[in-house]
Amino acid sequence: RVTRKRRSDHWKCSLGVVVLAGVLFWSGLSTAAEPEREIHPIGASVAEFLDLALKMNPERAAASLEAEAAVARAQGAGQFPDPMFQWTLDDISKTRSGLPERVGVVKYSLQQELPWWGKREAERTIATAESGEARGRLADVGAEIALRIKTAYADYHRVHLSMDQT
């Protein structure tokens with residue numbers, strides 16, 4: 001029995017080594033197949049740094065979401081309000097204990113509010129204008145970020161040139 005156990009342990013160990021070697025071999029092939037990329041620091045150029053800043057800026061992300069919400073509000077503006085359904089129970093007879101026994105009349109009603117002429121069109125116009133305003137704010141935020149980045153990059157470049165001269 002001892003020899004069987006040692007053989008099964010040897011088999012498990014050999015299987016583990018083969019699996020590990022296979023994994024290492026395949027991972028080496030996959031990394032060798034990929035072409036080497038040139039690694040450069042973030043912000044190597046103003047355009048790259050500006051793209052990255054516009055993607056990651058939380059202020060711009062918030063302005064973008066506000067613009068999306070304004071566009072969605074503009075699409076739903078000028079619609080009729082939801083209709084209202086109502087039902088009423090009248091002539092309820094009660095037992096001696098005060099509990100309802102029988103309903104005499106049941107009334108059903110459906111109501112739809114209709115706005116005055118031109119009000120729906122005015123709501124659409126206002127919502128469209130607010131949507132344009134939100135898109136303008138988004139463009140302003142992007143321009144402010146670009147201004148700050150380009151100014152900082154120009155200062156950096158100026159300092160770098162002055163260091164080269166000395």
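Starting from 1, each residue takes its place in the sequence as its number.
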*Is the closest side-chain donor-acceptor distance between Arg158 and Ser162 under 3.5 Å?*
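Arg158 vs Ser162: no donor-acceptor pair found between side chains.
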Heavy-atom pair of closest approach, residues [X] and [Y]:
{"X": "Gln79", "Y": "Gly76", "answer": "CG-O, 3.0 Å"}
{"X": "Ala134", "Y": "Ala70", "answer": "CB-CB, 3.8 Å"}
{"X": "Leu147", "Y": "Thr151", "answer": "O-OG1, 2.7 Å"}
{"X": "Arg73", "Y": "Ala127", "answer": "O-CB, 4.2 Å"}

*Indicate the ring-plane relationship of His160 and Tyr156, choosing parallel, tilted or perpendicular according to the 30° and 60° boundaries.*
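His160 and Tyr156: parallel rings.
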*asked:* Main chain of Arg60, side chain of Ser64: is a donor-acceptor contact present, judged purely on distance under 3.5 Å?
replied: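 No; zero donor-acceptor contacts below 3.5 Å.
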*Just by modelled atom types, is the Ala61 backbone N or O under 3.5 Å from a matching donor or acceptor in the Glu66 side chain?*
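Side chain of Glu66 to backbone of Ala61: no pair is present.
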*Partners of Glu121 by salt bridge (Lys or Arg N to Asp or Glu O under 4.0 Å), sequence neighbours excluded?*
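Listed in chain order: Arg124.
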Rounded distance (nearest 0.5 Å) linking atom [atom1] of [X] with atom [atom2] of [Y]:
{"X": "Leu50", "Y": "Tyr153", "atom1": "CG", "atom2": "OH", "value": "11.5 Å"}
{"X": "Asp51", "Y": "Glu48", "atom1": "CG", "atom2": "CD", "value": "8.0 Å"}
{"X": "Lys107", "Y": "Gln86", "atom1": "NZ", "atom2": "CD", "value": "10.5 Å"}
{"X": "Glu133", "Y": "Glu130", "atom1": "CD", "atom2": "CD", "value": "7.0 Å"}
{"X": "Gln112", "Y": "Met84", "atom1": "CD", "atom2": "CE", "value": "8.5 Å"}

In the single-linkage hydrophobic clustering (I, L, V, M, F, W, Y; side-chain heavy atoms under 4.5 Å), do [X] and [Y] co-cluster?
{"X": "Leu54", "Y": "Val141", "result": "yes"}
{"X": "Leu110", "Y": "Trp87", "result": "yes"}
{"X": "Phe49", "Y": "Ile145", "result": "yes"}

*Can you tell if the side chain of Gln75 reaches within under 4.5 Å of the side chain of Ser131, non-hydrogen atoms only?*
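Heavy-atom side-chain distance check fails, nothing below 4.5 Å.
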_Student check: side-chain heavy atoms of Glu113 and Phe80 closer than 4.5 Å_ =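 Sidechains of Phe80 and Glu113: no contact.
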*With a 4.0 Å cut-off, would you call Arg137 and Asp140 a salt bridge?*
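Salt bridge between Arg137 and Asp140, a charged N being under 4.0 Å from a carboxylate O: no.
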_Heavy-atom neighbours of Phe85 CZ exceed 12 at 6.0 Å_ =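 Count over threshold, so yes.
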